[in-house]
Amino acid sequence: QTSRAPAISVSAESCIPAGLRLGPVPGTFKLGKYLSDRKEPGPKKKVFSYVPPVFQVRMVRGELVDEAGSSALEWIGLIRAARNSQEQTLEAVADLPGGQIFYRALRDVQPGEELTVWYSNPLAQWFDIPVTATPTHDEKGEERYICWYCWRTFKYPNSLKAHVHFHCALSHGRPFLHHDH
């Protein structure tokens, strides 16, 4: 997501095979900059409908396209950042540090499943995005992730990682502190 517009749900219309690469991702890469703990209910779009329920993509001759036949370059920036590894279906990868960024399917993505993406470990390290986040438990026993700079709490690990990298004024210029530090 490169803009602050509400997230659009992009889902598979047909099976997307594990390992399929989409991209390259156009524009300035700021995956997760607008990630929050809650799943934004923003607009869902289907290309052929006026007020559509879902923006769907499918495989055509080995290429992933939307319902209008547009290539991934036209809609790849609409894919939502994954809040955790359980909802993640794609990972952002690059052939070389500083090279073009692609999204790669981590597993077979089933029809109707939303596409969500997060950094591969090497790409996260390249962008100085924390790779790990250790949960603590609140008074109700629920997992929470705490920013070790400003003490803000998050429900999901990637929300914390995005906060540390893009938003925490106290963390800038310092490496991410892990729980054991």
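- Counting heavy atoms from C-beta outward, Thr116 and Thr89 have side chains that approach closer than 4.5 Å.
- Arg83 is not listed as a side-chain neighbour of Asp37, based on a closest heavy-atom distance of 4.5 Å or more.
- Shortest non-hydrogen contact noted between Pro26 and Ile76 is CD-CG2, 3.4 Å.
- In this structure, the separation between CG on Asp138 and NZ on Lys155 is 10.5 Å, given to the nearest 0.5 Å.
- Between Arg144 and His137 there is no side-chain heavy-atom pair separated by less than 4.5 Å.
- Residues Cys147 and Val164 come closest through the heavy atom pair SG-CG2, 4.2 Å.
- Put simply, CG on Asn158 and OG on Ser36 are 12.0 Å apart, with the number rounded to the nearest 0.5 Å.
- For the residue pair Gly19 and Arg104, the shortest heavy atom distance occurs at O-CG, 3.6 Å.
- Both Val117 and Phe166 belong to a single network of hydrophobic side chains, linked directly or stepwise wherever heavy atoms of I, L, V, M, F, W or Y lie under 4.5 Å apart.
- The hydrophobic clustering, which links ILVMFWY residues whose side-chain heavy atoms are closer than 4.5 Å, places Ile129 and Leu106 apart.
- The shortest side-chain heavy-atom distance between Glu87 and Tyr156 does not fall under the 4.5 Å cut-off.
- In this structure the side chain of Asp95 reaches within 4.5 angstrom of the side chain of Arg21, judged on heavy atoms.
- Looking at every heavy atom in both residues, Asp108 comes nearest to Cys15 through CB-SG, 4.1 Å.
- Between the NE2 atom of His167 and the CG atom of Leu160 there is a distance of 11.5 Å, given to the nearest 0.5 Å.
- The two atoms that bring Phe29 and Ala92 nearest to each other are CZ-CB, 3.7 Å, heavy atoms only.
- The line from CZ of Phe102 to CG of Leu20 is 11.5 Å long, rounded to the nearest 0.5 Å.
- At least one side-chain heavy atom of Ile16 sits less than 4.5 Å from a side-chain heavy atom of Leu115.
- With rounding to the nearest 0.5 Å, the separation of OH in Tyr145 from OG1 in Thr134 is 8.5 Å.
- Judged by distance alone, the side chain of His165 and the main-chain N or O of Asp128 form a donor-acceptor pair under 3.5 Å.
- Residue Gln110 holds its CD atom at 12.5 Å from OG of Ser11, rounded to the nearest 0.5 Å.
- Evaluated for a side chain to side chain contact (heavy atoms under 4.5 Å, CB included) with Glu91, the options Pro122, Ser120, Ser85 yield exactly one hit, Ser120.
- Using a 4.5 Å heavy-atom threshold, the side chains of Ile101 and Phe127 count as touching.
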### Task
Could you walk me through whether Lys161 and Tyr119 pass the side chain to side chain contact (heavy atoms under 4.5 Å, CB included) test, one step at a time?
CA-CA 11 Å; Lys161 295 171 190 177; Tyr119 297 83; over 6 Å; no
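- Across every non-hydrogen atom of Tyr149 and Cys168, the tightest pair is CB-SG, 3.8 Å.
- Between Phe154 and His163, the ring-plane angle classifies as tilted under the 30° and 60° cut-offs.
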